[in-house]
Amino acid sequence: MARYNPKEVEPKWRRRWEDREVFRTRDDAARPKYYVLEMFPYPSGRIHIGHVRNYAMGDVVARYKRACGFNVLHPMGWDAFGLPAENAAMQTGAHPEAWTRKNIADMRAQLKALGLSIDWSREFATCDVEYYRWQQKLFLDFWKAGFVERRESYVNWDPVDMTVLANEQVIEGKGWRSGAVVERRKLNQWVLKITDNAEDLLAAIDDGRLKDWPENVRAMQRNWIGKSKGARFRFRFAPGTPAPAGFDGVEVFTTRPDTLFGASFVAVAPDHPLAAHFAASDPSLAAFIAECQKSGVSAEAVETAERKGRALPVEVSHPFVKDRTLPVWIANFILMTYGTGAIFGCPGHDQRDHDFATRYGLPIIPVVLPEGEDPQTFSVAKEAFTGDGALYNSGFLNGLSVEAGIEAAIARLEQQGVGRGETQWRLRDWGVSRQRFWGCPIPAIHCPTCGVVPVPEKDLPVKLPEVAAEEFKTPGNPLARTPAWLNVPCPDCGAAARRETDTFDTFVDSSWYFARFAAGRPDRPVDRAAADYWLPVDQYIGGVEHAILHLLYARWFARAMTATGHLSVDEPFRRLFTQGMVTHATYRDSRGQWLFPEEVVIEDGRARHAATGDAVEPGPVEKMSKSKKNVVAPEVIADSYGVDAARWFVLSDSPPERDVEWTEAGVNGAWKLVNRIWDLAEPHKGALAGLRPPAGSSELRRATHAAIAGVTDDIEHFRFNKAIARLYEFLNVLKRADAAAEADRAEALHALVRLIAPFTPHLAEEVYEHLGGQGFVCDAPWPKADEALLVKSTVVLAVQVNGKRRGEIEIAADATTAEAEKAALALEEVRRHAAGGVKKVIVVPGRIVNIVAA
RNA sequence: GCGGACGUGGCGGAACUGGUAGACGCAACGGACUUAAAAUCCGUCGGCCGAAAGGCCAUGGGGGUUCGAUUCCCCCCGCCCGCACCA
């Protein structure tokens, strides 16, 4: 028997697919389209097993949809700008572009070796001038449409990467990439006004437009956008206190204006202007403010920080109660960046205010009475009550619910002319300026007389200049040191001017690549007709680490591109799937050094060092990472088992949304499977030649059609592990079907080869050819299950007595309830267990018979 | 603290809208083939009692609804993820 040799077979089929341009996609309005997209990779230089899993999933869907008759778009490209290229330049002296291009070439070869059904003719990198020039055009259109602003603002400055970070890129006060503690700096920034769309970005999460997104991602986006409805209003300074010059009271934001009668103080942030005003003449206040600003923003610091404050020498009037005044404090738990940087404290119904009031002896007044509580005995002395109830101690609000109270309070504030209802957002506008070289230049020119002017469209692209590799060894941005590029005449007045030296955040690059894949054109960003055909992406697949940033920005870009006439979709990704990670065991030697898996041998369940024989300490199973050395190289796996086995394994063991642990035993099992399929098909050379549709019902035919129905349903629902389990079941039946009729066997093999094709495409082609199939199996139509063969003529029903299984009966599928009952009661075991008499019999046709006995 | 997901054999995991818990795979064990090993093939495989037939227990724990609960409801416990002094 010929052995299956993936080393020969796999490259052979990849060559044939490529020679025949099998996966080349053409726009074809007559056919239904299906756009499958996996998040494109950053060209780090090597693919890892996580990529294999991600792209294998997309490939299963793409190949399956192709077979179902869809015109499938499945492209690939490179998220190619960004800091690592500049870091590499600093360390190795390679130019960022050369480094990036080399990495792309390496990774392209590795990805191609996976046998993915990708239309490589659409490939591009975001650092291609032909891509980023159209990004500049989009930016100019956005600018014209009013979506762009230049703002001087405090920014998050990463002192290691020497660049600005978006809020989203600051994690627990540290840079998302460098891990350095982020500083605050004031800079002029280019800003995309994504908050203008906050309402719609939020509404789409819950109005059905994102119904096929995972719940956790929708929740994260909802949190991030962070809508809170409430009131903004002004406390006037109380008569008799010295009103500070230049201030017109204290403006606060609250979501609970209904609790205003319970207010016992007003508090402002340490960096609030009012605090600064008083600190100027009071060193102890200034010291307190400095202390607040020093305290960390880490989770622990926040968790353990005490509520602290200092009273200011000023009081304000209560807007609803004549002659009632409230003290004004600086408090360390008030954020200047949210709302107005000032609040009123209602200790009875907010725990933070309660802590503060307790510490400083401020009054605690309950104003919300939970249902069923007695106003005489109800107390908030120990803990704030934040739930719903009826308002009391609250003047004109008495008796109202919290919700009605909020409305009534806002109405009164408006009537008094001190405030209004307002919605606050946690979402901030998107600062897109980066002080880096390796990015898309922002097409703007700074003129001393005309100010900031857009680069005229006819002058696009603004190309990155040629810069010597050594330039990157000097900190800072080489663009600012390249006079030939930097100095240009002003497009408006012709005077000497300078180019903008900031480049775009790379999240801009990845915000519209999906549209460029679908509808790229040499003369514009996207072709509207092609975009209308292909978009939205039907299935988007990627890691959950992009749940907020990338996905939110891309959603906004789709809206902005639609508003500027480039697209007609607001939501770019109809279905989203976030796959789990690939994990691997970790190992350390006796000195605590991490070891590569291949350095470790497992004997009798104990880990030893392969070379020295020393004992090895097994660590936890973790996400593969270079630092812990728990990585396996895809090409090594492909070399020993073939990529089909690797693809099969990463999909077989766990549900796709969950992490999967990479084990040698697991991939070895997949390798055995590949061989089993080949060995099973090998003796039946040419079996498909005289293929005639068989008639009648046999065990093999029923198994064949059950497998077709099951695998189809599982792929449709992204349950690849279950699809694979069903294929195993089918194989087990097929293997034992020695006595099956030739026609039945041929039908089974024909179904099998098409069902495995999305998972193990090379093997499927080889088997298909061997069996005498015509053309490519990847072009063959998806098999269709015969409903008649899925219906069983007899069924086995479990028989329970008092809910406990006591036996089973085999009975005609269309047997009546009475017949089933009779057969069940005739069982010996049933008679024994129901000796005391039968009270009732429940028959669920096709399922179960349950006898209720005395 | 808020939000989301989850908890089933030695392991990864199945179980459609409540209806035979443990499909399928891995590991392990026994056997066949082999000089031997690998590969392959056959078989066993949740726990306890039992020679067997069979019985009892069992889906994190405790209650409830139901003829029947891994599935629905309530209360706990544990783990993972995201956000976090957001007023």
Side-chain angles (χ1 to χ4, degrees), chain A residues 3 171-172 214-224 226-228 230-231 252-257 259 267 269 297 299 301-303 305-307 331-335 337-346 349-353 355-356 386 424-426 544-545 547-548 578 605 621 648-649 652-655 657-661 663-670 672-673 675-676 679 710 713 717 719 721-732 735 796-808 829 832 839-853:
Chain A
R3 288 266 295 171
I171 292 142
E172 291 182 358
E215 188 50 49
N216 61 335
V217 174
R218 294 166 61 209
M220 284 187 236
Q221 294 233 338
R222 214 180 280 125
N223 278 345
W224 192 262
K227 178 180 185 175
S228 35
V252 299
F253 175 76
T254 179
T255 56
R256 295 293 303 274
T259 63
V297 286
V302 166
E303 201 77 37
E306 283 180 90
R307 316 261 181 253
N332 65 345
F333 61 97
I334 310 299
L335 301 175
T337 50
Y338 188 79
T340 61
I343 60 136
F344 74 81
C346 176
H349 304 283
D350 181 293
Q351 192 55 45
R352 291 162 305 181
D353 298 346
D355 295 345
F356 192 80
T386 56
Q424 277 288 330
W425 302 89
R426 211 189 82 110
V544 73
E545 65 272 20
I548 299 170
T578 52
V621 174
W648 181 271
F649 173 62
S652 66
D653 241 30
S654 292
E657 68 276 12
R658 248 185 257 181
D659 292 351
V660 65
E661 185 187 350
T663 61
E664 195 68 19
V667 71
N668 193 52
K672 291 197 311 204
L673 175 277
N675 285 290
R676 261 177 74 189
D679 293 347
D713 191 52
H717 292 94
R719 298 186 292 235
N721 59 322
K722 286 182 63 185
I724 283 174
R726 285 186 208 276
L727 285 167
Y728 274 112
E729 281 178 352
F730 179 35
L731 280 171
N732 290 340
K735 195 171 61 180
V796 177
L797 294 190
V799 179
Q800 298 180 335
V801 177
N802 290 337
K804 281 207 163 96
R805 185 179 178 280
R806 296 300 177 186
E808 58 186 36
E829 300 94 317
R832 188 146 45 86
K839 283 212 287 208
K840 191 177 168 189
V841 180
I842 291 131
V843 180
V844 183
R847 294 272 188 213
I848 207 162
V849 180
N850 190 15
I851 289 142
V852 186

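Chain A is the first sequence line, chain B the second, and so forth, proteins listed ahead of strands; every chain is numbered from 1.
An OP1 or OP2 oxygen of B/C26 is reached within less than 4.0 angstrom by no side-chain nitrogen or oxygen of A/Asn668. Contact annotation: A/Arg658 side-chain N/O to B/C79 OP1/OP2 distance is not under 4.0 Å. Residue A/Arg806 has a polar side-chain atom (N or O) positioned under 4.0 Å from OP1 or OP2 of B/G55. Phosphate contact (OP1/OP2 of B/C83, side-chain N/O of A/Arg426, threshold under 4.0 Å): absent. Phosphate proximity of B/A87 to A/Tyr338: present, with a side-chain N or O under 4.0 Å from OP1 or OP2. Distances shorter than 4.0 Å separate some side-chain N or O of A/Asn732 from OP1 or OP2 on B/G25. For B/C57, the OP1/OP2 oxygens have a side-chain nitrogen or oxygen of A/Lys804 closer than 4.0 Å. For A/Arg352, a side-chain nitrogen or oxygen approaches OP1 or OP2 of B/C86 to under 4.0 Å. Put simply, A/Thr337 has no side-chain N or O that comes within less than 4.0 Å of OP1 or OP2 on B/C86.
Base orientation at B/G82 is anti, since its O4'-C1' glycosidic dihedral falls outside 90° of 0.
Rounded to an integer number of Å, the gap from A/Asn850 CG to B/C67 C1' is 5 Å. For the pair A/Arg676 CZ and B/C24 P, the interatomic distance rounds to 11 Å; values are reported in whole Å.
Among the atoms of the strands shown, only primed sugar atoms or phosphate atoms (P, OP1, OP2) are found under 4.0 Å from some heavy atom of A/Asn216.
Note on A/Arg218 versus A/Glu215: salt bridge recorded, some NZ/NE/NH1/NH2 to OD/OE distance being below 4.0 Å.
In this entry B/A28 has B/U44 as its Watson-Crick or G-U wobble partner, both defining distances falling under 3.5 Å.
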